[in-house]
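Naming convention: chains lettered A, B, ... in sequence-line order (proteins, then strands); numbering from 1 in each chain. In this text, all values refer to a predicted model and were calculated from it rather than measured experimentally.
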Amino acid sequence: QITLKESGPTLVKPTQTLTLTCDFSGFSLTSLTTGVGWIRQPPGKALEFLALVYGDDDKRYRPSLKSRLTIAKDTSKSQVVLTMTNMDPVDTATYFCTFRGRSDNFENWGQGTLVTVSS
Amino acid sequence: SELTQDSAVSVALGQTVTITCRGDSLHTYYATWFQQRPGQAPVLVFYGKNNRPSGIPDRFSGSSSGNTASLTITGAQAEDEADYYCNSWDITGDHYVFGGGTQVTV
């Protein structure tokens with residue numbers, strides 16, 4: 001059974017750096033056919049792809065946010081960490097961690113974590 | 001958004017509704033469809049040419065033609081009331097993109 005759980009601060013100040021951790025189980029992030037991604041959803045708005053890391057450490061980023069995002073995997077801990085620099089109130093959103101499986105789709109999702117950016 | 005969806009549709013209980021998703025990348029890549037009920041994480045309901053994950057009712061089906069992908073709910077149930085998002089690769093195949101979502105009211 002695949003599970004994912006997001007953790008991190010619920011409140012960050014503008015200009016600060018956000019660090020979110022995804023703890024996963026039920027798979028090993030060592031194959032190029034698997035990956036873990038981060039997707040966010042501002043309140044009342046649509047889903048937005050942020051970043052994805054494959055088991056072979058290939059990484060993909062949302063072009064408009066690429067300069068602010070870093071995704072990294074720690075296979076030994078079964079974790080994927082997302083950092084986003086220079087946070088702004090418009091970055092207020094629920095951040096989801098997802099499993100990208102062999103079907104090339106986001107097959108499993110964490111419950112999400114709401115991050116509010118406010119001074 | 002590089003994938004375009006109608007913002008909202010409504011369907012009578014037991015009737016059929018089709019949600020569409022348009023984008024240039026859909027000429028090359030299949031769309032994936034997610035259902036999201038209020039306050040919950042999205043759930044994968046259809047992907048590829050003709051694939052439904054285990055546990056998804058067979059009233060959900062998909063199709064694709066040119067730059068348009070469609071998700072059809074045949075015999076809509078009350079529990080199908082949700083937001084539906086399409087998802088695919090961008091036209092370069094570099095990163096994923098999502099549609100703006102369609103709110104389905106039953």
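The interface of residues 8-33 of chain B with chain A, defined by heavy-atom distances below 4.5 Å, comprises Thr32(B). For residues 69-79 of chain B, an interface with chain A (any heavy-atom pair closer than 4.5 Å) does not exist. For residues 2-23 of chain A, a heavy-atom distance under 4.5 Å to chain B picks out no residue at all.
Here Lys66(A) contributes atom NZ and Arg60(A) contributes atom CZ; the two are 9.5 Å apart, rounded to the nearest 0.5 Å. The NZ atom of Lys59(A) sits 8.5 Å away from atom NZ of Lys73(A), with the distance rounded to the nearest 0.5 Å. Here Arg62(A) contributes atom CZ and Asp90(B) contributes atom CG; the two are 11.0 Å apart, rounded to the nearest 0.5 Å. Here Leu29(A) contributes atom CG and Ser76(A) contributes atom OG; the two are 11.5 Å apart, rounded to the nearest 0.5 Å. Here the CD atom belonging to Gln103(B) is positioned 7.5 Å from the CD atom belonging to Glu81(B), to the nearest 0.5 angstrom. Remark: Ser31(A) OG to Tyr54(A) OH distance equals 11.0 Å, nearest 0.5 Å.
Proximity to chain B (any heavy atom under 4.5 Å) is restricted, for Phe96(A), to the side chain, taken from C-beta onward. In this structure, chain A has a heavy atom under 4.5 Å from the side chain of Asn87(B), while its backbone stays farther away. In this structure, no portion of Asn108(A) lies under 4.5 Å from any heavy atom of chain B.
A single hydrophobic cluster is seen to contain both Tyr47(B) and Leu52(A), as judged by linkage of ILVMFWY side chains at heavy-atom distances under 4.5 Å, directly or through other members. Hydrophobic cluster membership is shared by Leu65(A) and Val80(A), with clusters built from Ile, Leu, Val, Met, Phe, Trp and Tyr side chains linked at under 4.5 angstrom.
No side-chain heavy atom of Pro53(B) sits under 4.5 Å from any side-chain heavy atom of Glu107(A). Side-chain atoms of Ile71(A) and Leu69(A), non-hydrogen and from C-beta on, never get closer than 4.5 Å to each other. With contacts defined as side-chain heavy-atom distances shorter than 4.5 Å, the pair Trp89(B)/Asp104(A) qualifies.
Here Asp94(B) is the residue among Asn51(B), Asp94(B), Val43(B) with the most heavy-atom pairs under 4.5 Å with chain A.
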Which donor-acceptor pairs under 3.5 Å do side chains of residues 38-50 of chain A form with protein atoms, sequence neighbours excluded?
unit_1   : atom_1 : unit_2   : atom_2 : d
Arg40(A) : NE     : Glu48(A) : OE1    : 2.7
Arg40(A) : NH1    : Asp91(A) : OD1    : 2.9
Arg40(A) : NH1    : Tyr95(A) : OH     : 3.2
Arg40(A) : NH2    : Glu48(A) : OE1    : 3.2
Gln41(A) : OE1    : Gln36(B) : NE2    : 2.8
Gln41(A) : NE2    : Lys45(A) : O      : 3.1
Gln41(A) : NE2    : Gln36(B) : OE1    : 2.9
Gln41(A) : NE2    : Tyr85(B) : OH     : 3.2

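Shortest non-hydrogen contact noted between Arg52(B) and Val45(B) is CG-O, 3.3 Å.
Residues Phe24(A) and Phe99(A) keep their aromatic ring centres 6.0 Å or farther apart.
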inquiry  = Walk me through whether Thr30(A) and Ser28(A) qualify under side chain to side chain donor-acceptor pair (under 3.5 Å).
reply    = CA-CA 6 Å; Thr30(A) 55; Ser28(A) 178; 3.3 Å; yes
